[in-house]
Amino acid sequence: MDVYEAVDSRRAVRAFSDEPVPREVLDRVLTAAARAPSSGNLQPWHVYVVTGGPLAELKRRASARALAGDPGDEREYPMYPAGLAAPYAERFAAAAAQRYAALGIARDDPDRPRKIAALNAEAFGAPLVLFCYLDRAMGPGQWGDAGIYLQTVMLLLRAEGLHSCPQVMWTMYRETVSRLVGAEDGRVLFCGVSVGFEREGAPHLRTGRADLTETVSFLGM
Ligand SMILES: Cc1cc2nc3c(=O)[nH]c(=O)nc-3n(C[C@H](O)[C@H](O)[C@H](O)COP(=O)(O)O)c2cc1C
């Protein structure tokens, strides 16, 4: 698989089979992903790989919170800026509409937030989740580095035939996650990334993208 194919075929998959992810595959992916660039080569990420019994326990605890309608722990960073303006609000709404349709959750379902939280808390059925943390001392530049790193991981997973779904929703249950993985107090949970093989027959969602002219300006060419 070349890089273009890996980029093009990566999607946020929200239906995984329970086929386990082999340890040697994950070792290969994470070893290669360590080559991701970071400003000053700080490599500011710390990843906890959770599967098997510990993940089952985490899903159980997070799902119980989601199903109880728990609004979640106090956020350490906002998922989105308050009052999203155009064009971001429109992009957000369009992606959400596609996502909920694919998950079979009606737009006007009053139980929608709880259903969404519950699906996220189950990691969409994934057999493995990577939790990416940053040292609390890190700033916006290092958060950007962590994003570059996670995309590298997700593309390498594609090269191994695996799929993924990054999930900021895990920050709602950050205390539950941190207790289970044993994250040090000085670390902030950026997001989880569910990893696994796509469940056969799951709806194939391909989200749209803004036109290049909206996001790129060419100068001098
Ligand atoms: C940092 C990050 C956090 C995300 N959090 C969630 C999440 O909590 N739940 C979810 O279903 N999707 C989540 N997504 C997936 C996005 O919704 C998805 O990437 C976007 O709609 C584009 O779709 P695509 O990845 O399928 O191309 C997240 C993506 C990123 C990069």
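Start at 1 and go down the list; that is how both ligands and their atoms are numbered. Since this is a predicted model, take the numbers as computed values, not measurements.
Of the heavy atoms in Leu205, none comes closer than 4.0 Å to ligand 1. At a heavy-atom cutoff of 4.0 Å, ligand 1 is contacted by the side chain of Thr207 but not by its backbone. Contacts with ligand 1 closer than 4.0 Å are made by side-chain heavy atoms of Phe124 only, the backbone lying farther away. Only the side chain of Arg209 comes within 4.0 Å of ligand 1, judged by heavy-atom distances.
At the top of the distance list for atom 26 (O) of ligand 1, counting protein heavy atoms only, stands Ala12 N, 2.8 Å. With respect to atom 16 (C) of ligand 1, the closest heavy atom belonging to the protein is Arg14 NH2, 3.9 Å. Among all non-hydrogen protein atoms, the one lying nearest atom 3 (C) of ligand 1 is Val168 N, 3.6 Å. Closest to atom 9 (N) of ligand 1 among all protein heavy atoms lies Asn120 OD1, 3.0 Å. The closest protein non-hydrogen atom to atom 29 (C) of ligand 1 is Pro166 CG, 3.3 Å. For atom 7 (C) of ligand 1, the closest non-hydrogen atom on the protein side is Gln167 CA, 3.5 Å.
Between Asp70 and Arg114, no side-chain nitrogen of the basic residue sits less than 4.0 Å from a carboxylate oxygen of the acidic one, so the salt-bridge criterion is not met. Contact check on Asp135 versus Arg187 returns no salt bridge, with no Lys/Arg side-chain nitrogen under 4.0 Å from an Asp/Glu carboxylate oxygen. Taking the charged nitrogens against the carboxylate oxygens, Arg174 and Glu74 have no contact shorter than 4.0 Å, which rules out a salt bridge.
Under a hydrophobic-cluster definition in which Ile, Leu, Val, Met, Phe, Trp and Tyr are linked whenever side-chain heavy atoms come within less than 4.5 Å, directly or via other members, Tyr88 and Leu212 are assigned to different clusters. No single ILVMFWY cluster, assembled from side-chain heavy atoms under 4.5 Å apart, contains both Phe92 and Leu205.
The six-membered or imidazole ring of Tyr133 lies away from that of Phe190, with a centre-to-centre distance of 6.0 Å or more. A distance below 6.0 Å separates the ring centres of Tyr77 and Trp143. If you look at Phe16 and Phe197, their ring centroids are not closer than 6.0 Å.
In terms of polar-atom proximity, defined here as any N/O pair under 3.5 Å, Phe190 makes no such contact with ligand 1. In terms of polar-atom proximity, Arg11 is not counted as a contact of ligand 1, lacking any N or O under 3.5 Å from an N or O of the ligand.
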Point to revise | Stepwise side-chain contact (heavy atoms from CB on, under 4.5 Å) test for Phe124 and Glu122 | key: CA-CA 5 Å; Phe124 302 108; Glu122 279 294 328; over 6 Å; no
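Met79 does not count as a contact of ligand 1, since none of its heavy atoms falls under 4.0 Å from the ligand. Heavy-atom separations between Arg206 and ligand 1 are all 4.0 Å or longer. Ligand 1 lies out of reach of Gln98, whose nearest heavy atom is not under 4.0 Å from it.
No side-chain donor-acceptor contact under 3.5 Å links Arg10 to the backbone of Asp8. Side-chain atoms of Ser38 do not come within 3.5 Å of backbone N or O of Asp145 as any donor-acceptor pair.
The presence of a protein heavy atom under 4.0 Å from atom 20 (C) of ligand 1 is ruled out.
The Arg10 neighbourhood of ligand 1 comprises atoms 24 (P), 25 (O), 27 (O), with distances under 4.0 Å to a heavy atom of that residue.
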